[in-house]
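Bear in mind the structure is a predicted one, so any value in this text is a computation, not a measurement.
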Amino acid sequence: MEPQHVDADIEKVILTEDDIQSRLAEMAAEIERDYEGRELLLVGVLKGAVMVMADLSRHLSRHVEIDWMDVSSYGSGTRSSGVVRIIKDLDADITGRHVLVVEDIIDTGLTLSWLISNLRSRGPASVEICTVLRKPEAAKTDVDVKYVGFDIPNSFVVGYGLDFAERYRNLRVVATLAPHMYT
């Protein structure tokens with residue numbers, strides 16, 4: 001979906017499709033250098049990471065395995081409950097494997113911190129994090145992120161996998177959602 005299709009809903013485009021793809025290509029080159037000679041398992045966090053996972057894996061010029069997890073700390077509300085639950089677990093055993101968790105965005109870092117701790121308890125050779133977007137101002141816990149696409153302001157953003165009420169995920173850009181859409 002192009003921004004003009006939801007023009008009245010969008011306040012400002014902050015990253016174009018070209019910006020995102022260019023940075024993903026750079027990140028893929030870094031990942032290939034860092035994991036040269038080692039098998040790599042990409043673990044996407046549903047649902048937001050679907051776009052990132054697809055594009056990042058296509059930028060890689062090596063074989064990788066892909067798996068998915070879905071975790072929630074929100075229940076049916078808009079605020080974190082503080083309790084993380086696994087909705088969909090990995091299909092693969094990660095014992096002794098190099099795992100790269102792929103995220104769309106990191107804001108508070110609380111759920112991701114729990115997820116990384118959970119994955120490390122399963123005996124992998126390594127666990128690292130890759131995200132397209134990070135909101136440093138929103139952080140409530142320190143999460144060591146190895147690959148960051150862009151640091152962005154603490155604004156309500158949609159597009160490129162990010163949603164509001166399950167809408168806008170297929171927007172090809174990252175944009176701030178106009179306040180009248182969520183207030």
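Rounding to the nearest 0.5 Å places CZ of R122 at 10.5 Å from OG of S117. For the atom pair OG of S72 and CG of L46, the computed distance is 12.0 Å after rounding to the nearest 0.5 Å. Taken to the nearest 0.5 Å, the CG atom of L171 stands 10.0 Å off from the CG atom of L162. In this structure, Y147 OH and D34 CG are separated by 3.5 Å, a value rounded to the nearest 0.5 Å. We find the CG-CE distance between L56 and M51 to be 14.5 Å, quoted to the nearest 0.5 Å. Distance check: Y160 OH to E17 CD gives 8.5 Å after rounding to the nearest 0.5 Å.
If you chain together hydrophobic residues whose side chains sit under 4.5 Å apart, I116 and V145 fall into the same group. Residue I106 is not grouped with residue L24 when hydrophobic side chains (ILVMFWY) are merged at heavy-atom distances under 4.5 angstrom, including chains of intermediate members. Under the 4.5 Å side-chain heavy-atom criterion for Ile, Leu, Val, Met, Phe, Trp and Tyr, V101 and V132 are members of distinct hydrophobic clusters. M1 and I20 fall into different hydrophobic clusters, where Ile, Leu, Val, Met, Phe, Trp and Tyr are joined by side-chain heavy atoms under 4.5 Å apart, directly or via other members. I94 and W114 fall within the same hydrophobic cluster, where Ile, Leu, Val, Met, Phe, Trp and Tyr residues are linked whenever their side-chain heavy atoms come under 4.5 Å apart, directly or through other members.
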One pair to check against side chain to side chain contact (heavy atoms under 4.5 Å, CB included): M69 and D89. What are the steps and the verdict?
CA-CA 5 Å; M69 284 191 83; D89 206 346; 3.4 Å; yes

Evaluation steps, side chain to side chain contact (heavy atoms under 4.5 Å, CB included), between T111 and V45
CA-CA 11 Å; T111 301; V45 182; over 6 Å; no

Where do I10 and V173 land on the side chain to side chain contact (heavy atoms under 4.5 Å, CB included) test, with the steps shown first?
CA-CA 11 Å; I10 300 300; V173 301; over 6 Å; no

Walk me through it: do V64 and I31 pass the test side chain to side chain contact (heavy atoms under 4.5 Å, CB included)?
CA-CA 11 Å; V64 292; I31 291 165; over 6 Å; no

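L90 places a side-chain heavy atom less than 4.5 Å from the side chain of L119. The side-chain heavy atoms of D104 and L133, taken from C-beta on, include no pair separated by under 4.5 Å. Between V50 and M53, every side-chain heavy-atom pair lies at or beyond the 4.5 Å cut-off.
Heavy atoms from other residues, nucleotides or ligands lying under 6.0 Å from CD of E39 number 12 at most. Around the CZ atom of R23, the shell of radius 6.0 Å holds more than 12 heavy atoms that belong to other residues, nucleotides or ligands. At most 12 heavy atoms of other shown residues, nucleotides or ligands fall within 6.0 angstrom of atom NZ in K12. Q4 CD: more than 12 foreign heavy atoms inside a 6.0 Å radius.
Taking each heavy atom of V102 and A49 in turn, the nearest pair found is O-CB, 3.4 Å. Across S113 and T141, no two heavy atoms sit closer than the pair CB-CG2, 4.0 Å. Across Y182 and L177, no two heavy atoms sit closer than the pair CE2-O, 3.5 Å. Of all heavy-atom pairs spanning V99 and L40, the tightest one is C-CD1, 4.5 Å. Here the closest heavy-atom approach between residue A178 and residue A8 is recorded as CB-O, 4.2 Å.
Note on residues 23-72: no pairs pass ring pair (Phe, Tyr, Trp, His ring centres under 6.0 Å), not counting sequence neighbours.
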Donor-acceptor pairs under 3.5 angstrom involving side-chain atoms of residues 148-157: please list them, not counting sequence neighbours.
{"unit_1": "D151", "atom_1": "OD1", "unit_2": "R134", "atom_2": "NE", "d": "2.6"}
{"unit_1": "D151", "atom_1": "OD1", "unit_2": "R134", "atom_2": "NH2", "d": "3.2"}
{"unit_1": "D151", "atom_1": "OD2", "unit_2": "R134", "atom_2": "NH2", "d": "3.1"}

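Residues passing the side-chain hydrogen bond (donor to acceptor under 3.5 Å, both in side chains) test with E137: none are found, sequence neighbours excluded. D93 pairs by the side-chain hydrogen bond (donor to acceptor under 3.5 Å, both in side chains) definition with T95, not counting sequence neighbours. Scored by the side-chain contact (heavy atoms from CB on, under 4.5 Å) test, E166 finds K47, D163, R169 as partners (sequence neighbours excluded). Scanning for side-chain contact (heavy atoms from CB on, under 4.5 Å) contacts around D144 gives an empty result, with sequence neighbours left out.
Of the N and O atoms on the side chains of S121 and N118, not one donor lies less than 3.5 Å from an acceptor on the other residue.
Here the side chain of E103 pairs no donor or acceptor atom with the backbone of I129 at under 3.5 angstrom.
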